[in-house]
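Before I ask anything, here is the structure I am working with.
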Amino acid sequence: MTSYTQHELFDLAGAFALGATSPDETRAMEEAMASSPALAAEVLAHAQVVADMVASGQGVPPSADVRDRLIERVREEPGGHAAAQAARKPRRSVVPFAAAASVLIAAALGLQVARMQVEIGSVSKKLEHREATLNSLLHAENHLRVIHLKAADTVVGPGIQFFWDSRQRTGVIHAFRLPPASSGQAYQLWAVINDEPVSVRVFDSDPDGHALVEHIPLPPSTRGVSKLLVTVEPRGGSRAPTSVPLLGGGLSGE
């Protein structure tokens, strides 16, 4: 199948709404609309114009091949079966492709918007959870130590805030701008205690570069801990660091 640029696909929107695209162009448009709500909306706008022309007696018969492929595409979407069935119902007059496309593309757009709302809801819940966790840590007041772990690039590089609650004897990793580790690898947090690195937790970050790792068991005091380090290790972690630290932060003795 020929590869089309985004500009070329938008140029084809009018012809696609009329059922005048070639089989290759039609397939390219159908695949592109699945991931581009803007392109689907453009086709819908053209289809509605043509549908208005049809209503005034200026319409053209549909392209059955293109219509059937679009119907099958919408049928594959969750909740799209009803819209596809409605478009296939016999009518007293020939239904132009533009009218069918208007219904089907609108249904596809609605499904895409619904999926986006679910994703936004999921992200919102994650952010609310992070905020609740950090707020609970702040209530630790003078029992809380915050250690900042920085990379060589302190402007755009990754960073970690490590919250050490001596009252609860737990820690929390809050990482940002930290890309997920490569396949087969993970990040490992170390505490350097009396000049010896001791493993604290193996973890990874989310696709958005954030990580919130809670309930890390810790000693009741930071006494003897001079610094915290993060290295890249095999997925299951290592007994001792095997790479140059990616992030690090110092602690003052107690």
(request) Mind checking the CZ-CG spacing from F203 to L178? Nearest 0.5 Å is all I need. (result) 6.0 Å

(message) I'd like to check L149 versus K227 (side-chain heavy atoms, cut-off strictly below 4.5 Å). Are they in contact?
(response) no

(message) Looking at every heavy atom in both S205 and Y187, which two are closest together, and how far apart are they?
(response) OG-CE1, 4.3 Å

(message) Checking I147 against V225 for the side-chain contact (heavy atoms from CB on, under 4.5 Å) test, could you report, in this order, the C-alpha distance in whole Å, the side-chain angles of both residues, the deciding distance, and whether it holds?
(response) CA-CA 11 Å; I147 301 97; V225 181; over 6 Å; no

(request) Find out whether H210 and L212 are in side-chain contact, i.e. whether some heavy atom of one side chain is under 4.5 Å from a heavy atom of the other. (result) no

(message) Between V198 and V213, is there shared hydrophobic-cluster membership here, with clusters defined by ILVMFWY side-chain heavy atoms closer than 4.5 Å?
(response) yes

(request) Share the residues that join F176 in a hydrophobic cluster, the rule being Ile, Leu, Val, Met, Phe, Trp or Tyr side chains under 4.5 Å apart at the heavy-atom level. (result) none

(message) Just so I know, are the side chains of Q185 and P180 near enough to count as touching, which here means a heavy-atom distance under 4.5 Å?
(response) no

(message) Can you give me the closest heavy-atom contact between P197 and D195, atom names plus distance?
(response) CD-O, 4.0 Å

(request) First locate atom CE of M29, then atom CG of L12, and finally report the distance between them rounded to the nearest 0.5 Å. (result) 6.0 Å

(message) For a 4.5 angstrom cut-off between non-hydrogen side-chain atoms, does H215 reach T170?
(response) no

(request) Please assess D165 against V172 for the test side-chain contact (heavy atoms from CB on, under 4.5 Å), listing each intermediate value before the final yes or no. (result) CA-CA 9 Å; D165 186 343; V172 173; over 6 Å; no

(message) Quick one, D204 and R235 - any side-chain contact, counting heavy atoms below 4.5 Å?
(response) yes

(message) Taking S238's backbone N and O only, do any of them form a donor-acceptor pair with Q188's side chain (distance below 3.5 Å, no angle check)?
(response) yes

(message) Hydrophobic clusters here meaning ILVMFWY residues chained together by side-chain heavy-atom distances under 4.5 Å, can you tell me if I193 and I216 are in one?
(response) yes

(message) Please tell me whether D11 and Y4 have a donor and an acceptor in their side chains that are separated by less than 3.5 angstrom.
(response) no

(message) For F162 and L218: C-alpha separation, side-chain torsions, deciding distance, then whether side-chain contact (heavy atoms from CB on, under 4.5 Å) applies.
(response) CA-CA 12 Å; F162 187 75; L218 294 170; 3.7 Å; yes

(request) For residues R177 and V156, report the shortest heavy-atom separation together with the two atoms involved. (result) NE-O, 3.3 Å

(message) What's the separation between atom OG in S199 and atom CG in L189, rounded to the nearest 0.5 Å?
(response) 8.0 Å

(message) With a sphere of 6.0 Å drawn around CZ of R169, does it hold more than 12 non-hydrogen atoms of other residues, nucleotides or ligands?
(response) no

(request) Drop me the distance from L39's CG to Q6's CD, to the nearest 0.5 angstrom. (result) 6.0 Å

(message) Using 0.5 Å steps for rounding, measure from the OG atom of S36 to the CZ atom of F10.
(response) 5.0 Å

(request) Please round to the nearest 0.5 Å and tell me the distance separating atom NE2 of H174 and atom CD of E214. (result) 11.0 Å

(message) A quick test of your reading: do over 12 heavy atoms of other residues, nucleotides or ligands sit less than 6.0 Å from CG of D153?
(response) yes

N/O donor-acceptor pairs under 3.5 Å from side chains in residues 239-251, not counting sequence neighbours:
{"residue": "T242", "atom": "OG1", "partner": "E233", "partner atom": "OE1", "Å": "2.4"}
{"residue": "S243", "atom": "OG", "partner": "V232", "partner atom": "N", "Å": "3.2"}
{"residue": "S243", "atom": "OG", "partner": "V232", "partner atom": "O", "Å": "3.0"}

